[in-house]
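See structure below.
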Amino acid sequence: MRDFKLILKKEMLDIFRDKRSFVMLFVPVLVFPLMYMLMGTQLDKEELKKNIPCIVEYAPGSIDEELYETLFESTQLVRRTAIEKNATEDLKNGNVYAVIRLNNGQITITYNDASTKSATAGQTLITAVETARQLSLYETIQTEYHVDMASVQPFQLKAVKLSDETGEANNSIMASIAPMMLVMMIMSGGVSVAVDLFTGEKERGTFESLMTTQASRMSILMAKFTATLFISLLGMLLSILAYVISFLCSDSAWTMLSGGAETGGAKVSLSFAQILHLVAVCLVLSVFAVSLMTMIGLHAKTVKEAQSQMSLITIFPTLLSGLTMFMESANIHAAAMWIPVFNVIVSIKMIFLGTAEPIHILFTVLSSLLYSVLMWMVSVRMLHSEKLLQG
């Protein structure tokens with residue numbers, strides 16, 4: 001333990017002595033809040049519910065003028081905007097969000113489907129016109145033909161969300177995003193450190209010097225592994241902190257990630273048991289990732305080779321997270337939880353959805369630790385191979 005502590009202290013001092021690597025750990029805390037604030041600005045739909053800037057075209061003094069005033073102006077849904085160049089160019093350039101044309105009762109709404117704001121505004125206007133059209137139809141039938149519309153409707157429809165009925169949190173959107181977010185943080189957090197501590201030292205010739213000291217090879221391996229794991233976990237925690245700060249700074253981004261305004265605001269929540277399960281699967285994935293980094297770092301002959309191989313550690317899990325983003329996880333078989341990385345991705349998804357069974361979490365933890373032990377054994381074997389150490 002004395003050798004382990006000395007080597008660990010040396011490695012940690014070397015890591016934090018590199019100011020660029022230390023600063024890079026805090027980049028997410030600075031960048032993510034700004035990014036989500038900008039995202040929230042772009043996704044804010046409140047400004048698209050009234051006073052929507054539009055170009056309006058109709059013949060003055062016609063029935064269309066009265067129709068426009070009834071549907072749009074009196075409800076303050078539309079803010080009429082003057083044409084700068086022409087309707088098409090103004091819409092394309094974002095000067096207006098829609099062009100409304102009225103011709104003898106025919107309403108044409110043109111919006112820019114390449115613009116998020118214009119598309120949202122267009123759908124808002126279309127919904128408002130369609131609702132007004134239905135109400136006008138009902139009123140006309142009741143007034144002109146004296147028909148009670150309630151009596152001729154064969155059935156009533158009421159849509160109820162399960163989350164509203166049970167009072168549970170709506171974690172569906174976070175269940176799709178969180179696996180990719182967390183797995184990407186964990187799998188990429190310690191890559192640069194692992195490359196430097198193992199392959200970097202081999203390339204600089206300092207690894208062989210360290211092996212000739214009185215410290216046991218197991219102490220050296222454990223110290224380097226622990227240092228890499230610490231940086232990996234620190235990077236993950238700082239990234240999570242960055243997301244929390246982002247959500248606190250941007251209400252609109254938080255509303256988007258928690259199901260939108262239609263769900264009644266931010267309703268994402270986890271029970272204490274769910275948080276423990278989430279911590280457990282993230283920790284075992286960190287151990288798995290660092291074990292894999294250690295094995296690659298010992299095997300690679302050059303830093304370039306190690307960086308090339310470790311890039312796959314980030315790419316494949318991220319792609320896998322994307323592929324499973326919209327996968328239905330309610331009926332995942334327990335045997336699937338023995339597939340490395342996939343098991344953690346699915347477990348995180350199920351934890352947020354509240355469908356994770358204890359057997360799923362147990363198999364995920366056991367399998368990840370088992371694979372980590374196997375990779376650790378391979379690393380120990382390589383550590384005792386002089387041929388591999390010398391490249």
message: Under the criterion side-chain hydrogen bond (donor to acceptor under 3.5 Å, both in side chains), I'd like the reasoning laid out for Glu201 against Thr206: C-alpha separation, chi angles, the key distance, then a yes or no.
response: CA-CA 5 Å; Glu201 286 212 29; Thr206 57; 3.1 Å; yes
message: side-chain contact (heavy atoms from CB on, under 4.5 Å), that's the test. Do Ser74 and Glu69 meet it? Break it down for me.
response: CA-CA 6 Å; Ser74 62; Glu69 291 175 354; 5.8 Å; no
task: Walk me through it: do Phe198 and Thr228 pass the test side-chain contact (heavy atoms from CB on, under 4.5 Å)?
output: CA-CA 10 Å; Phe198 293 100; Thr228 308; 4.2 Å; yes
task: Quick one: do Asn51 and Gln76 satisfy side-chain contact (heavy atoms from CB on, under 4.5 Å)? Show the steps, please.
output: CA-CA 6 Å; Asn51 296 321; Gln76 295 183 336; 4.2 Å; yes
Trace of the side-chain contact (heavy atoms from CB on, under 4.5 Å) decision for Met293 with Val193: CA-CA 9 Å; Met293 294 174 198; Val193 174; over 6 Å; no
task: Please step through salt bridge (Lys or Arg N to Asp or Glu O under 4.0 Å) for the pair Asp196 and Arg204, ending with a clear verdict.
output: CA-CA 10 Å; Asp196 185 67; Arg204 292 190 298 269; 3.1 Å; yes
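Side-chain atoms of Leu182 and Leu285, non-hydrogen and from C-beta on, never get closer than 4.5 Å to each other. With a 4.5 Å cut-off on side-chain heavy atoms, Ile220 and Lys224 count as touching. Residues Ile107 and Leu71 form a side-chain contact, since some pair of their non-hydrogen atoms from C-beta on lies under 4.5 Å apart. Annotation: side chain of Pro53 is in contact with side chain of Arg79 (closest heavy-atom distance under 4.5 Å). Here the side chains of Val56 and Leu102 are in contact, with some heavy-atom distance below 4.5 Å. No side-chain heavy atom of Val287 sits under 4.5 Å from any side-chain heavy atom of Ser368. Using a 4.5 Å heavy-atom cutoff, the side chains of His299 and Val378 are not in contact. Side-chain contact between Leu298 and Leu221 is present, with at least one heavy-atom pair separated by less than 4.5 Å.
Put simply, the side chain of Thr199 gets close to the backbone of Gly297: a donor and an acceptor are under 3.5 Å apart. Using modelled atom types, no side-chain atom of Thr81 and backbone atom of Ile55 make a donor-acceptor pair closer than 3.5 Å. Counting only distance, with no hydrogens or angles, the side chain of Asn93 and the backbone of Asn95 share no donor-acceptor pair below 3.5 Å. A donor-acceptor distance shorter than 3.5 angstrom exists from the side chain of Asp64 to the backbone of Gly105, with no hydrogens or angles considered. In this structure a side-chain-to-backbone donor-acceptor pair under 3.5 Å is missing from Asp90 to Thr88. The backbone N or O of Ala300 sits less than 3.5 Å from a side-chain atom of Lys202, completing a donor-acceptor pair. With hydrogens and angles ignored, the 3.5 Å screen pairs no side-chain donor or acceptor of Tyr97 with any backbone N or O of Thr120. Looking only at distances, a side-chain donor or acceptor of Asn86 sits under 3.5 Å from a matching main-chain atom of Glu89.
Contacts of Glu66 classified as side-chain hydrogen bond (donor to acceptor under 3.5 Å, both in side chains), with partners at least two apart in sequence or in another chain: none.
Residues Pro317 and Val183 come closest through the heavy atom pair CB-CG1, 3.6 Å. Contact between Met310 and Ala194 at its shortest, heavy atoms only, is CE-CB, 3.9 Å. Closest approach of Val303 to Glu203, counting heavy atoms only: N-OE2, 3.2 Å. Summarising the geometry of Ser291 relative to Met375, their closest heavy-atom pair is CB-CE, 3.9 Å, with the distance given to 0.1 Å. Among all heavy-atom pairs drawn from Ala227 and Leu8, the shortest one is N-CD1, 3.8 Å. Shortest non-hydrogen contact noted between Ala119 and Tyr111 is CA-CD1, 3.7 Å.
The line from CE of Met187 to CG of Leu312 is 10.5 Å long, rounded to the nearest 0.5 Å. Between Glu130 atom CD and Leu135 atom CG the span is 10.0 Å, to the nearest 0.5 Å. How far CG of Asn104 is from OG of Ser62: 7.5 Å, rounded to the nearest 0.5 Å. Annotation: the span from Ile339 atom CD1 to Leu320 atom CG amounts to 9.0 Å, rounded to 0.5 Å.
The aromatic rings of Trp376 and Phe225 stand perpendicular to each other, their planes meeting at an angle above 60°, with 30° marking the opposite boundary.
Each ring pair (Phe, Tyr, Trp, His ring centres under 6.0 Å) pair with one or both residues in residues 62-86, not counting sequence neighbours, appears once here: Tyr58-Tyr68, Tyr68-Phe72.
The number of heavy atoms from other shown groups lying within 6.0 Å of CG (Leu366) is above 12. Around the NZ atom of Lys5, the shell of radius 6.0 Å holds no more than 12 heavy atoms that belong to other residues, nucleotides or ligands.
The closest side-chain donor-acceptor pair between Thr364 and Ser347 falls under 3.5 angstrom.
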